[in-house]
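The block underneath contains the structure these notes are about, expressed in structure tokens.
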Amino acid sequence: DSVFAATDVLPMLLGLSYYLSLSTSTGWGDLQRATNPAFGAMTRALFDTHPDDLTALLRDSRQDLVRVLDNVIIMLRDLRAALVKDERSTIEAATTGAAESYEGWYNRRFHWKFDSPEKKLPEAPGMMNMFLGNSLANRLRGKKDEDGQS
């Protein structure tokens, strides 16, 4: 099922790939000392899922997984190109657009209201405030700051 492949199996595959790319690099001796909660969250499936089960999930979902993975690869290529060229506006548009969209999804998911997505982001502090800070989150919502600027 493509939904399962996209929402459950692909994150496991990305974590596996990420771990393998770091753990097989020449700098792993130093990198492993610098791992943090973000690293742990991304690679958690390697702890929670038996290797036989992970292998079966990857193989059983392979057709749907490849389709979803192709889209992720395209996005990674685009983001990589923007990083290489230091295209600040592209990177900023991607991060702020994703943060805004993510907060909308998060709030719809939290309130289980998918049929009527909100046009305006909620006033309550949320994921955007946590990731972007109050000032940028408020600007994305169209609110004025203390200086009267939006």
Side-chain angles (χ1 to χ4, degrees), residues 1-122 124-141:
D1 166 67
S2 63
V3 172
F4 179 70
T7 60
D8 282 82
V9 185
L10 183 64
M12 293 178 186
L13 177 61
L14 292 173
L16 169 65
S17 302
Y18 177 58
Y19 179 79
L20 288 171
S21 71
L22 292 181
S23 67
T24 59
S25 73
T26 56
W28 178 242
D30 293 325
L31 284 171
Q32 65 185 321
R33 292 175 179 83
T35 57
N36 55 33
F39 174 86
M42 190 160 177
T43 59
R44 180 74 187 193
L46 294 172
F47 180 80
D48 289 343
T49 310
H50 190 278
D52 293 342
D53 295 334
L54 183 55
T55 299
L57 285 168
L58 293 173
R59 293 191 70 235
D60 292 346
S61 301
R62 70 185 175 277
Q63 290 177 331
D64 293 316
L65 197 55
V66 167
R67 279 192 295 277
V68 177
L69 186 58
D70 286 342
N71 291 329
V72 172
I73 290 170
I74 290 168
M75 186 59 63
L76 286 171
R77 283 184 188 148
D78 291 348
L79 290 170
R80 183 187 185 282
L83 290 168
V84 166
K85 295 175 184 174
D86 194 19
E87 295 175 345
R88 180 182 176 150
S89 61
T90 302
I91 298 165
E92 193 173 81
T95 58
T96 56
E100 183 176 331
S101 175
Y102 186 90
E103 184 171 19
W105 163 79
Y106 183 87
N107 286 318
R108 286 188 304 277
R109 176 71 168 86
F110 182 79
H111 297 290
W112 207 251
K113 292 184 181 181
F114 295 101
D115 295 331
S116 58
E118 299 172 18
K119 298 222 183 231
K120 185 177 178 188
L121 295 174
M127 296 301 289
M128 280 180 37
N129 293 62
M130 194 164 71
F131 290 118
L132 302 174
N134 291 331
S135 178
L136 183 55
N138 286 339
R139 280 191 289 171
L140 289 171
R141 288 187 182 98

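One finds the CE atom of Met12 at 13.0 Å from the OG atom of Ser17 (value rounded to the nearest 0.5 Å). Taken to the nearest 0.5 Å, the CG atom of Leu69 stands 14.5 Å off from the CZ atom of Arg62. The CG atom of Leu16 lies 6.5 Å from the CG atom of Leu58; values are rounded to the nearest 0.5 Å. Here the OG1-CG distance, from Thr90 to Leu79, works out to 9.5 Å after rounding to the nearest 0.5 Å.
Side chain of Arg108 to backbone of Gly104: a donor-acceptor contact under 3.5 angstrom is found. In terms of modelled atom types and a separation under 3.5 Å, the side chain of Ser101 and the main chain of Ala98 share no donor-acceptor contact. Side chain of His50 to backbone of Asp52: a donor-acceptor contact under 3.5 angstrom is found. Between the side chain of Arg109 and the backbone N or O of Tyr106, no donor-acceptor pair lies under 3.5 Å. Counting only distance, with no hydrogens or angles, the side chain of Thr35 and the backbone of Gln32 share a donor-acceptor pair below 3.5 Å. Within the 3.5 Å criterion, the main-chain N or O of Thr49 finds no donor-acceptor partner in the side chain of Asp53.
Residues Pro11 and Ala6 share a closest heavy-atom pair of CD-O, 3.7 Å. Minimum interatomic distance between Ser61 and Val9 (heavy atoms only, all atoms of both residues): OG-CG2, 3.6 Å. In terms of heavy-atom proximity, Ile91 sits nearest to Ala82 at CD1-O, 3.8 Å.
Counting heavy atoms from C-beta on, the side chains of Leu57 and Leu65 never come closer than 4.5 Å.
Taking the salt bridge (Lys or Arg N to Asp or Glu O under 4.0 Å) definition, one finds that Arg67 meets it with Asp64, sequence neighbours left out. Remark: Asp86 pairs with no residue by the side chain to side chain donor-acceptor pair (under 3.5 Å) rule, at least two apart or across chains. Partners of Glu92 under the salt bridge (Lys or Arg N to Asp or Glu O under 4.0 Å) rule, at least two apart in sequence or in another chain, are Arg88.
Sorted pairs that involve residues 69-80 and meet salt bridge (Lys or Arg N to Asp or Glu O under 4.0 Å), not counting sequence neighbours, are lacking altogether. Note on residues 10-28: no pairs pass salt bridge (Lys or Arg N to Asp or Glu O under 4.0 Å), not counting sequence neighbours. Every pair passing ring pair (Phe, Tyr, Trp, His ring centres under 6.0 Å) that includes a residue from residues 8-32 is listed here, sequence neighbours excluded: Tyr18-Phe39, Tyr19-Trp28.
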